[in-house]
Amino acid sequence: MTDDSPSARGVYGIAVAAEMVGVGEQTLRLYERKGLLTPNRTAGGTRRYSDDDVTVLLRVGELLSAGLNLAGVRHVLALETSNDELRAQLAHVLGVIEQRE
DNA sequence: CTTCTAACA
DNA sequence: TGTTAGCA
């Protein structure tokens with residue numbers, strides 16, 4: 001599934017992404033090791049954070065301040081993405097049904 | 001820029 | 001446990 005949407009392509013270096021979210025660079029690397037996100041890498045191996053990644057990082061900050069630990073955040077993010085997928089599929093199915101009527 | 005290690009609250 | 005600083 002190659003994602004060519006612009007939000008998944010606006011890439012920043014780790015220093016820029018860290019400043020946007022308001023955390024240190026080491027923290028972003030920790031988030032990746034904990035499985036919270038997987039930013040794209042250049043051929044040389046440097047991380048490239050997209051606008052979608054930044055959005056996720058901001059959501060991570062909300063969940064952390066809500067009292068969750070990183071393991072909890074990882075689960076919530078997984079549930080939220082699957083939930084979005086289900087909503088999209090439901091909207092599609094409802095659209096198909098509506099056209100048959 | 002990268003990973004790794006150690007220290008702090 | 002999560003974050004930060006320093007090193008290679």
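By convention in this document, chain letters (A, B, ...) are assigned in the order of the sequence lines, proteins followed by strands, and residues within each chain are numbered from 1.
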So if you build clusters from Ile, Leu, Val, Met, Phe, Trp, Tyr with side-chain heavy-atom gaps below 4.5 Å, do A/Val21 and A/Leu68 land together?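 Yes; A/Leu68 is reachable from A/Val21 via cluster members.
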Separation of [X] atom [atom1] from [N] atom [atom2], in whole Å?
{"X": "A/Asn40", "N": "B/dT2", "atom1": "CG", "atom2": "C1'", "value": "17 Å"}
{"X": "A/Arg33", "N": "C/dT4", "atom1": "CZ", "atom2": "P", "value": "14 Å"}
{"X": "A/Leu68", "N": "C/dT3", "atom1": "CG", "atom2": "P", "value": "12 Å"}
{"X": "A/Leu63", "N": "C/dG2", "atom1": "CG", "atom2": "C1'", "value": "15 Å"}
{"X": "A/Glu25", "N": "B/dT2", "atom1": "CD", "atom2": "P", "value": "8 Å"}
{"X": "A/Arg29", "N": "B/dT2", "atom1": "CZ", "atom2": "C1'", "value": "7 Å"}
{"X": "A/Leu70", "N": "C/dT3", "atom1": "CG", "atom2": "C1'", "value": "10 Å"}
{"X": "A/Leu30", "N": "B/dA7", "atom1": "CG", "atom2": "P", "value": "18 Å"}

Taking pairing as Watson-Crick or G-U wobble with both contacts under 3.5 Å, can you name the mate of B/dC1, or confirm there isn't one?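 Base-paired to nothing in any strand shown.
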Answer yes or no: side-chain N or O of A/Gln26 and base N or O of C/dG2 forming a donor-acceptor pair under 3.5 Å. no
A/Asp53 and A/Thr38, any side-chain heavy atoms less than 4.5 Å apart: no
Remember a base hit wins even if backbone is also touched, and classify A/Ile14 as base, sugar-phosphate or nothing at under 4.0 Å, heavy atoms. sugar-phosphate
First locate atom [atom1] of [X], then atom [atom2] of [Y], and finally report the distance between them rounded to the nearest 0.5 Å.
{"X": "A/Leu63", "Y": "A/Asn69", "atom1": "CG", "atom2": "CG", "value": "11.0 Å"}
{"X": "A/Glu85", "Y": "A/Arg87", "atom1": "CD", "atom2": "CZ", "value": "13.0 Å"}
{"X": "A/Gln89", "Y": "A/Leu94", "atom1": "CD", "atom2": "CG", "value": "12.0 Å"}

Is the phosphate of B/dT3 approached by A/Arg41 (side-chain N or O, under 4.0 Å from OP1 or OP2)?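 Yes, A/Arg41 has a side-chain N/O under 4.0 Å of OP1/OP2 on B/dT3.
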Give the nucleotide from the list C/dT1, B/dC1, C/dT4 with an atom nearest to the side chain of A/Thr27.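 Looking only at side-chain atoms, A/Thr27 lies closest to C/dT4.
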Ignoring the backbone of A/Tyr31, work out which of C/dT3, B/dC1, C/dT1 is nearest its side chain. C/dT3
